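What you see is a predicted model, and the numbers here were worked out from it, not measured in a lab.
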Amino acid sequence: MKLTRTAGLPLAAVALSLTLAACGGGSDSPGGSGGSTPSASSPGSSQPLGGSTMSSSDGMTSMPTEDMTESMTSTMTGEATPTDTMTSSATASASSSAPGSALGTPAPEGAVIKAGASGSLPADVKGWAKQSGSGPATIYSRNGALISISFLSGSKVDSLVSSLTAEQTRAGTGQCGQAGSADNLTCYLGAADGVYNLSADAGEVSLGDLVAFTNAMTEAAGTS
């Protein structure tokens with residue numbers, strides 16, 4: 001091939017151009033400028049995703065471990081444990097059955113109802129209304145149920161309390177319980193001048209109601 005010198009170009013530059021053309025540097029040949037093949041990424045290299053780079057280590061450190069821990073802690077803290085439920089139930093039960101919670105409080109040991117109180121018993125005791133009329137006993141009524149009070153002048157409470165056969169419960173200045181049969185509820189209260197005998201039918205009045213009435217009546221009458 002004969003080389004001719006082109007004006008303005010060195011002969012060496014022309015020779016280089018011809019050599020490149022002979023090597024197939026056209027756009028249609030594999031590896032040309034119009035069809036470049038991207039090189040394979042090496043293991044561990046970063047690949048662009050949406051303009052950001054994430055590596056394997058980034059994926060592990062970005063796990064929401066703190067949020068998960070807080071969520072689990074909140075859930076565990078908010079749930080009532082069986083122990084808490086049992087403790088709350090036992091406390092509520094003990095409170096509702098504690099002496100004096102609904103039945104009132106008996107008079108102190110050794111106290112007696114003041115002398116002369118039998119003539120001025122209160123008109124109302126815990127919703128029980130005193131009935132008018134004369135007779136050997138004072139009658140209190142509530143919703144059709146009756147409680148009667150008799151005064152035994154000069155009697156001693158200790159000798160009468162021994163006649164209670166079952167369900168003996170301290171109330172007022174004495175004791176309440178069953179006398180003779182389960183239907184006969186009776187209380188004997190010590191007074192400075194005798195004994196008060198309260199009685200009710202178990203079919204109408206519970207022992208608890210009678211004890212509550214007795215404690216309230218004793219407080220209203222006054223003790224010494």
Where the side chain of [X] meets the backbone of [Y], is there a donor-acceptor pair that is under 3.5 Å apart?
X: D193; Y: G116; value: yes
X: D183; Y: A202; value: no
X: Q168; Y: L164; value: yes

What pair of heavy atoms forms the shortest contact from [X] to [Y], and how long is it?
X: K126; Y: A102; value: NZ-O, 4.4 Å
X: A145; Y: W128; value: O-CZ3, 3.4 Å
X: I113; Y: A221; value: CG2-CB, 4.0 Å
X: F151; Y: A191; value: CE1-CB, 4.4 Å
X: T186; Y: A179; value: OG1-CB, 3.7 Å

Quiz item: Is there a path of hydrophobic side-chain contacts, each under 4.5 Å between heavy atoms of I, L, V, M, F, W or Y residues, that connects L185 with L146?
Solution: no

Quiz item: Are I139 and V125 connected, step by step, through hydrophobic side chains (Ile, Leu, Val, Met, Phe, Trp, Tyr) whose heavy atoms are closer than 4.5 Å?
Solution: no

Exercise. Kindly state each residue pair satisfying side chain to side chain donor-acceptor pair (under 3.5 Å) with at least one member in residues 135-157, sequence neighbours excluded.
Key: Q131-S141, S148-S199

Listing, residues 205-219 side-chain donor-acceptor contacts under 3.5 Å, not counting sequence neighbours, or none:
from	atom 1	to	atom 2	distance (Å)
S206	OG	D209	N	3.1
S206	OG	D209	OD2	3.4
T214	OG1	L210	O	2.8
N215	OD1	G172	N	2.7
N215	ND2	L103	O	2.8
N215	ND2	V211	O	3.4
T218	OG1	T214	O	2.8

Quiz item: How far apart are the C-alpha atoms of L189 and V195, what are their side-chain angles, what is the distance that settles it, and do they pass the side-chain contact (heavy atoms from CB on, under 4.5 Å) test?
Solution: CA-CA 6 Å; L189 309 179; V195 173; 5.8 Å; no

Quiz item: Can you tell me how far the OH atom of Y188 sits from the CG atom of L160, to the nearest 0.5 Å?
Solution: 5.5 Å

Practice problem: Please round to the nearest 0.5 Å and tell me the distance separating atom CD1 of I147 and atom CG of D201. | Solution: 11.5 Å

Quiz prompt | Inter- and intrachain pairs under disulfide (SG to SG under 2.5 Å), touching residues 174-224, at least two apart | solution = C176-C187

Quiz item: Is the NZ atom of K130 crowded by more than 12 outside heavy atoms at less than 6.0 Å?
Solution: yes

